[in-house]
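Note that this is a predicted model, so its numbers are computed, not measured. Heavy atoms only: backbone and side chains are in, while hydrogens, waters and symmetry mates are out.
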Amino acid sequence: MFDWVVKVVLGESCDLFVLQQAVAEYIHQDLTEKTKDARAELLRKKFEGMSQNGEKKILVIMDDIWKEVDLKDVGLMSPLPNGFKLLFTSRFEHVCTQMDVRANSIFRVRVLNEAEAKTLFFEIVGPTPSDGDDAELQKIGEDIVNKCGGLPIALKTIAKSLIGNIKEAWKETLSNLQHDDLQDLNEIVHKVFEMSYNNLQKDDDKSVFLLSGLFPDDFDIPIEDLMRYGWGLKLFSKVHTLREARRRTIICVNNLIRANLLTESEQMGCVKMHDLVRVFALSNFSKSNKLQ
């Protein structure tokens, strides 16, 4: 549908110069100017040339907006020129309104309904253990699904922790979710990540997880960087060489991916952390004496 697609992630602490640089890299424009206005003018001229007077269609995606952004700062005009489409994603509806998005152009992404949530959960956990208690496990699983509030990331994280696990583990998971009488979606997400974090078997895994949370939103985290920081900060137990540290880091990253606390990146040798997971990691970072 489009000749060009430009995607940038803003996040909570969006730096304008970083945002301009991200746009510039997508449209292959060097930014050597030092001032905001000069950089914006270069981007505007580049976009103008790309559009060929509206003959080329250009989609600009601005993901995870937390506050109002002046489109002129990234080379776009309001209203948009012919051929341009702009897509925002934000967890705050008032931000869309501040950006002059028409009410009929705001689409609310709902949580999964009960049937969709059950399908997602049981597709991930796979066949329940064939020990004669399938019906009971099915009921426990459905109760877990109901406590997750239809949130895909919560469902996926819980389901991954239960793959191939025993019935007692399913019961304990449900008990943990029921104990706090969680109502708010943010509370549910935090509790699910807390359970997954606490279920990590090794302190090394927890250290690498907290370390990953220090990288920016939507960042492609180089596994090699995690190894170097982990080695330099002496986070790994019983590791005496860089080769051992590299092996340990790869194992930790794999364990975190299996726990859905990290995800694989499209960039070779990197991983990513979901923004909600990162919020949880940062909330726990200050509690960690090891990483103080």
Side-chain angles (χ1 to χ4, degrees), residues 1-27 29 36-37 39-41 43-44 46-48 50-51 54 56-113 116-117 120 148-156 183-190 192-193 215-220 263 266 272-280 282-283:
M1 294 175 61
F2 297 94
D3 299 285
W4 292 85
V5 177
V6 179
K7 180 183 177 183
V8 291
V9 179
L10 285 79
E12 182 178 7
S13 54
C14 176
D15 182 277
L16 179 58
F17 275 70
V18 174
L19 174 59
Q20 289 178 327
Q21 185 61 41
V23 173
E25 289 177 2
Y26 252 100
I27 62 179
Q29 173 66 54
K36 175 193 73 173
D37 292 340
R39 291 159 66 93
E41 179 64 15
L43 294 175
R44 187 193 66 77
K46 179 68 175 184
F47 273 129
E48 190 177 76
M50 291 164 55
S51 71
K56 298 293 184 180
K57 295 183 178 180
I58 302 172
L59 172 65
V60 179
I61 302 173
M62 304 182 77
D63 191 16
D64 195 21
I65 294 182
W66 284 61
K67 57 186 178 182
E68 184 179 0
V69 175
D70 190 341
L71 298 181
K72 292 180 180 179
D73 291 337
V74 291
L76 296 174
M77 309 301 290
S78 181
L80 291 172
N82 291 335
F84 279 81
K85 294 290 184 182
L86 186 58
L87 172 64
F88 301 131
T89 71
S90 179
R91 65 190 71 189
F92 308 110
E93 187 170 333
H94 71 272
V95 173
C96 300
T97 306
Q98 290 173 347
M99 300 285 290
D100 294 328
V101 180
R102 296 189 303 273
N104 62 356
S105 296
I106 297 176
F107 301 90
R108 297 165 184 84
V109 182
R110 303 296 185 185
V111 296
L112 302 180
N113 62 38
E116 293 169 334
L120 174 62
C148 286
L151 296 169
I153 190 168
L155 289 161
K156 186 176 180 181
Q183 301 295 330
D184 181 79
L185 294 183
N186 288 326
E187 291 179 355
I188 294 172
V189 169
H190 190 279
V192 168
F193 294 150
F215 288 84
D217 277 339
D218 200 54
F219 193 79
D220 292 297
T263 59
E266 294 180 0
K272 303 191 82 163
M273 177 175 277
H274 192 283
D275 58 342
L276 294 179
V277 180
R278 181 173 177 270
V279 170
F280 169 77
L282 291 177
S283 71

Where does the angle between the aromatic ring planes of His190 and Phe280 fall among parallel (under 30°), tilted (30 to 60°) and perpendicular (over 60°)?
-> perpendicular
Parallel, tilted or perpendicular: which fits the ring planes of Phe219 and Phe215, with parallel below 30° and perpendicular above 60°?
-> parallel
In Å, rounded to the nearest 0.5 Å, how long is the span from [atom1] of [X] to [atom2] of [Y]?
| X | Y | atom1 | atom2 | answer |
| --- | --- | --- | --- | --- |
| Met99 | Ile65 | CE | CD1 | 4.5 Å |
| Gln29 | Gln21 | CD | CD | 10.0 Å |
| Asp218 | Lys7 | CG | NZ | 6.5 Å |
| Arg110 | Leu112 | CZ | CG | 13.0 Å |
| Leu59 | Trp4 | CG | CH2 | 13.5 Å |
| Leu43 | Lys72 | CG | NZ | 15.0 Å |

Can you list the steps and then say if Thr263 with Lys156 is a side-chain contact (heavy atoms from CB on, under 4.5 Å)?
-> CA-CA 12 Å; Thr263 59; Lys156 186 176 180 181; 5.6 Å; no
Looking at every non-hydrogen atom in both residues, tell me the closest pair between [X] and [Y] and how far apart they are.
| X | Y | value |
| --- | --- | --- |
| Phe47 | Gly75 | CD1-O, 3.7 Å |
| Gly150 | Val111 | O-CB, 3.4 Å |
| Phe17 | Arg39 | O-NH2, 3.1 Å |
| Gln98 | Glu68 | O-OE2, 3.4 Å |
| Ser90 | Val95 | OG-CB, 3.9 Å |
| Leu71 | Met62 | CD2-SD, 4.1 Å |

Less than 4.5 Å apart, any side-chain heavy atom of Leu276 and any of Phe193?
-> yes
Please list, chain by chain and in numerical order, all residues satisfying side chain to side chain donor-acceptor pair (under 3.5 Å) with [X], sequence neighbours excluded.
| X | answer |
| --- | --- |
| Glu48 | Arg44 |
| Trp66 | Asp64 |
| Asp217 | Arg278 |

If you draw a 6.0 Å radius around [atom1] in [X], do more than 12 non-hydrogen atoms from other residues or ligands fall strictly inside?
| X | atom1 | value |
| --- | --- | --- |
| Asn82 | CG | no |
| Lys272 | NZ | yes |
| Lys46 | NZ | yes |

Which of these, Leu155, Ile153, Val189, sits in a side chain to side chain contact (heavy atoms under 4.5 Å, CB included) with Cys148?
-> Leu155
Given the rule in the side-chain contact (heavy atoms from CB on, under 4.5 Å) test, do Leu10 and Leu19 qualify, once you have shown the distances and angles that lead to the verdict?
-> CA-CA 7 Å; Leu10 285 79; Leu19 174 59; 4.2 Å; yes
Short N-O contact, Lys36 and Asp70, less than 4.0 angstrom | no
